[in-house]
Amino acid sequence: MNDMELVMTTRTRFAPSPTGFLHIGGARTALFCYLFARHTGGTYILRVEDTDRERSTHEAVAVILQGLEWLGLKPDEGPFFQSDATDLHRQTALQLVAAGKAYRCSCTREELDAMREEQRLRQEKPRYDGRCRERTDPPSDDRPYVIRLKTPRDGEVVWDDMIQGRIRVSNGELDDLILLRSDGSPTYNLAVVVDDHHMGITHVIRGEDHVSNTPRQIHIFEALGWTPPAYAHMPLLHGTDGAKLSKRHGAVSVLQYRDNGYLPEAVNNYLVRLGWSHGDQEIFTMVEMVALFDVHHVGRSAAIFNVSKLDWINGQHIRSAAPEVLLPELIAHLERQGIAHPDPALVRALLPTVRERAKTMVEMADKSRFYFQAPQTYDDKAVRKHLRPEILDPFAALVAALTALSAWDATALEAAFKSVIADHDLKMGQLAQPVRVAITGSDVSPSIFDVLAILGRDAALARLNACLDFFRGRCVSEGQG
RNA sequence: GUCCCGUUCGUCUAGUGGCCUAGGACAUCGGCCUUUCACGCCGGCAACACGGGUUCGAUUCCCGUACGGGACGCCA
């Protein structure tokens, strides 16, 4: 790789703060970073923003990593930890002081609170008034101080956001933000700028809640003589109430979606369509997303999370997924539903009968359970509707016919059914439904011929005979009543 | 309160001045298919926030209003 190519290579970063799980909004940001990097042949980096030592935990880091891995959004580089670069951050702040671009401020929290209170009263935007900025008295070391950036007082900051378009903010709206806390630790805005620069980040893709930080960060870049990256601020994801999705507000871990039976590709597919589109296309594989994604075509308005569309997309992906993908998933969900060690051969055989009927893997497992467990009881409503006295004879005749059957496959089974309904002048449903009740306990199942074939002769006949006994008993007691 | 951003069917969106009596998808409603349930197919309902401009012509451009969101921390 020559220098030119190095310069042209894009580098994006996903920068979560490890204060909790990875929720769907964060996952969407990660996805867009990933897609942008992949589409442009660049690098996607994970950087953990743990400058807030109070709230950051190792557990959260692990869970975020797990979530990204499940989604297939594993970083090309990292995870890097912002806290590892604390010395660099501190030195950079000091360097700014030495260059006269930052200064010590020894205002106390009480002073700052009072200042903000007054401003609020005057209906002004609360901000630091810069009273320590031009102080001539030498700062004393015994009084705690922070380092603040000398934000330009005049002019404005302008940048061409890849999503939002040109945004301009007057410097008069900004204040002298804190770079280093009184305990010497760097703040978020400083750390982000220093890290983005040193990691060679070319494109910052993040949530719209960061637009107000952007002018501050650009000022830090400029004070340092560095070139800011390109910015793309994504519209936020909202809950059903229209407010921003957050950990304490309606959002759940992405891993919850795995547990609820969603396929990672489907979740990504749903997420990418929130704000981005490619004509009328709704279903995308990961490969298609990478090939077609264009950050310039991301919309600017917030989207509301809607589960029913996710369900539909998940169903689409279930139907097109390779059996090899579905098999372990289905086995896992069956086990979660109390089926111990489901036979893989059986699962593989039944998979085609249930995959068209399920929107989630949980639903698929639920619809597959009867293959493993004979009905303990028969659904009342189904019994009343389908196990009618006039069907007892045909039902018994069918059981006899099936018992005598030499070949046990869907074709032979169907032929046996047809012969019985012809003999008794019935419609298929009148015979098929009672059999469903016998086999599954309910009147809903995949094609009953397929079900019987997959279940196997012994299990099927056992269930049919058990039901026949029940059926007879029911007719006798009804006759007496 | 101040600043920034947004506003097309219930929801996700297409649309970059005439192709729009505004297209697609989910949801919903009706029908078909059918051994049930799904899938699939066919069809219905349903939107350019409002008011001013600019223009021969605005969903598309400009201004204002309303509404919504975001940000205003020694959090990130």
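All chains are named by letter (A, B, ...) in the order of the sequence lines, taking the proteins before the strands, and each is independently numbered beginning at 1. Bear in mind that the values here come from a model prediction, so they are computed numbers and not experimental data.
- Under 3.5 Å, the side chain of Ser182(A) and the base of C74(B) form at least one donor-acceptor pair of N or O atoms.
- In terms of polar N and O atoms assigned as donor or acceptor, the side chain of Arg273(A) never comes within less than 3.5 Å of the base of U13(B) in a complementary pairing.
- Phe32(A) carries Arg28(A) over the face of its six-membered ring, with the cationic atom under 6.0 Å from the centre and within 45° of the normal.
- Contact annotation: Arg116(A) reaches the phosphate of G73(B) (side-chain N/O to OP1 or OP2, under 4.0 Å).
- In this structure, Asp175(A) pairs ionically with Arg216(A), as a charged nitrogen and a carboxylate oxygen lie closer than 4.0 Å.
- Of all nucleotides present, only U2(B) satisfies the Watson-Crick or G-U wobble test against A71(B), with each distance under 3.5 Å.
- In this structure, A14(B) forms no base pair with any nucleotide, since neither Watson-Crick nor G-U wobble geometry is met with both distances under 3.5 Å.
- As the counterpart of A38(B), no nucleotide is assigned, since no Watson-Crick or G-U wobble pattern has both distances under 3.5 Å.
- Pairs of residues two or more places apart, or lying in two chains, that qualify as salt bridge (charged side-chain N to carboxylate O under 4.0 Å, His left out) and include a residue from residues 412-425 of chain A are Glu414(A)-Lys418(A).
- Residues of residues 437-457 of chain A that place a heavy atom closer than 4.0 Å to RNA chain B, in numerical order, are Asp443(A), Val444(A), Ser445(A), Pro446(A), Ser447(A), Ile448(A), Phe449(A).
- Within the 4.0 Å cut-off from OP1 or OP2 of A14(B), at least one side-chain nitrogen or oxygen of Ser277(A) is found.
- In this model, no side-chain donor or acceptor of Arg357(A) finds a partner on the base of C39(B) within 3.5 Å.
- One finds a salt bridge joining Arg131(A) and Asp129(A) here, because a Lys/Arg side-chain nitrogen approaches an Asp/Glu carboxylate oxygen to under 4.0 Å.
- Within 3.5 Å, no donor on the side chain of Arg127(A) pairs with an acceptor on the base of U2(B), nor the reverse.
- Between Trp276(A) and Phe293(A), the ring planes lie tilted relative to each other; the angle falls in the 30° to 60° range.
- Applying the side-chain contact (heavy atoms from CB on, under 4.5 Å) test to Asn260(A) and every residue at least two apart in sequence or in another chain returns Gln256(A), Tyr262(A).
- Under the salt bridge (charged side-chain N to carboxylate O under 4.0 Å, His left out) criterion, no residue pair touches residues 14-27 of chain A, with sequence neighbours excluded.
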Extract all donor-acceptor atom pairs below 3.5 Å that involve side chains of residues 235-246 of chain A and protein atoms in other chains or at least two apart in sequence.
| unit_1 | atom_1 | unit_2 | atom_2 | d |
| --- | --- | --- | --- | --- |
| His238(A) | ND1 | Gly242(A) | O | 2.8 |
| Asp241(A) | OD1 | Ala243(A) | N | 3.0 |
| Asp241(A) | OD1 | His249(A) | NE2 | 3.3 |
| Asp241(A) | OD2 | His249(A) | NE2 | 2.6 |
| Lys244(A) | NZ | Asp209(A) | OD2 | 3.4 |
| Ser246(A) | OG | His249(A) | N | 3.3 |

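- The aromatic rings of Phe21(A) and His23(A) sit perpendicular to each other, their planes meeting at more than 60°, with 30° as the lower class boundary.
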For nucleotides 62-64 of chain B, print each protein N/O atom paired with a nucleotide N/O atom at under 3.5 Å, atom names and distance only.
none

Table please: side-chain donor-acceptor pairs of residues 432-444 of chain A below 3.5 Å, with sequence neighbours left out.
| unit_1 | atom_1 | unit_2 | atom_2 | d |
| --- | --- | --- | --- | --- |
| Gln433(A) | OE1 | Arg436(A) | NH1 | 2.8 |
| Gln433(A) | NE2 | Asp443(A) | O | 3.3 |
| Arg436(A) | NE | Ser445(A) | OG | 2.9 |
| Arg436(A) | NH2 | Pro446(A) | O | 3.2 |
| Thr440(A) | OG1 | Arg436(A) | O | 2.8 |
| Thr440(A) | OG1 | Ser442(A) | N | 3.0 |
| Thr440(A) | OG1 | Ser442(A) | O | 2.9 |
| Thr440(A) | OG1 | Ser442(A) | OG | 3.3 |
| Ser442(A) | OG | Val444(A) | N | 3.2 |
| Ser442(A) | OG | Val444(A) | O | 3.3 |
| Asp443(A) | OD2 | His386(A) | NE2 | 3.3 |

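- Within the structure, the salt bridge (charged side-chain N to carboxylate O under 4.0 Å, His left out) test picks out the following pairs touching residues 302-322 of chain A (sequence neighbours left out): Glu282(A)-Lys309(A).
- Rounded to a whole angstrom, the distance from the P atom of U13(B) to that of U21(B) is 25 Å.
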- prompt: Could you go step by step and tell me if Asp196(A) and Arg47(A) meet the salt bridge (charged side-chain N to carboxylate O under 4.0 Å, His left out) rule?
  reply: CA-CA 10 Å; Asp196(A) 282 345; Arg47(A) 186 176 72 220; 2.8 Å; yes
Give each protein N/O atom lying under 3.5 Å from an N/O atom of nucleotides 40-47 of chain B, with the pair distance.
| unit_1 | atom_1 | unit_2 | atom_2 | d |
| --- | --- | --- | --- | --- |
| G40(B) | OP1 | Gln316(A) | NE2 | 3.3 |

Between the protein and nucleotides 5-7 of chain B, which nitrogen or oxygen pairs are less than 3.5 angstrom apart?
| unit_1 | atom_1 | unit_2 | atom_2 | d |
| --- | --- | --- | --- | --- |
| C5(B) | O2' | Gln164(A) | OE1 | 3.4 |
| C5(B) | O2' | Glu208(A) | OE2 | 3.2 |

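- Nucleotide U65(B): paired with A49(B) (Watson-Crick or G-U wobble, both distances less than 3.5 Å).
- Side chains of Leu190(A) and Leu149(A) form no contact here, defined as non-hydrogen atoms less than 4.5 Å apart.
- Rounded to whole Å, the distance from CG on Leu398(A) to C1' on U35(B) is 12 Å.
- Note: His203(A) and Phe36(A) have tilted aromatic rings, judged against thresholds of 30 and 60 degrees for the angle between ring planes.
- Scanning for ring-ring contact (aromatic ring centres under 6.0 Å, His included) contacts around Tyr371(A) gives an empty result, with sequence neighbours left out.
- Residue Asp209(A) places no side-chain atom within donor-acceptor reach of the base of A76(B), judged by atom type and a 3.5 Å distance cut-off alone.
- Contact annotation: Lys359(A) side-chain N/O to C39(B) OP1/OP2 distance is not under 4.0 Å.
- Contact check of residues 417-426 of chain A against RNA chain B (heavy atom, cut-off under 4.0 Å) returns no residues at all.
- Between Phe471(A) and Phe395(A), the ring planes lie perpendicular to each other; the angle is over 60°, past the 30° to 60° tilted range.
- Counting only heavy atoms from C-beta on, Lys244(A) has its side chain closest to G69(B) among U36(B), G69(B), A76(B).
- The CG atom of Asp196(A) sits 13 Å away from the C1' atom of A76(B) (whole-angstrom rounding).
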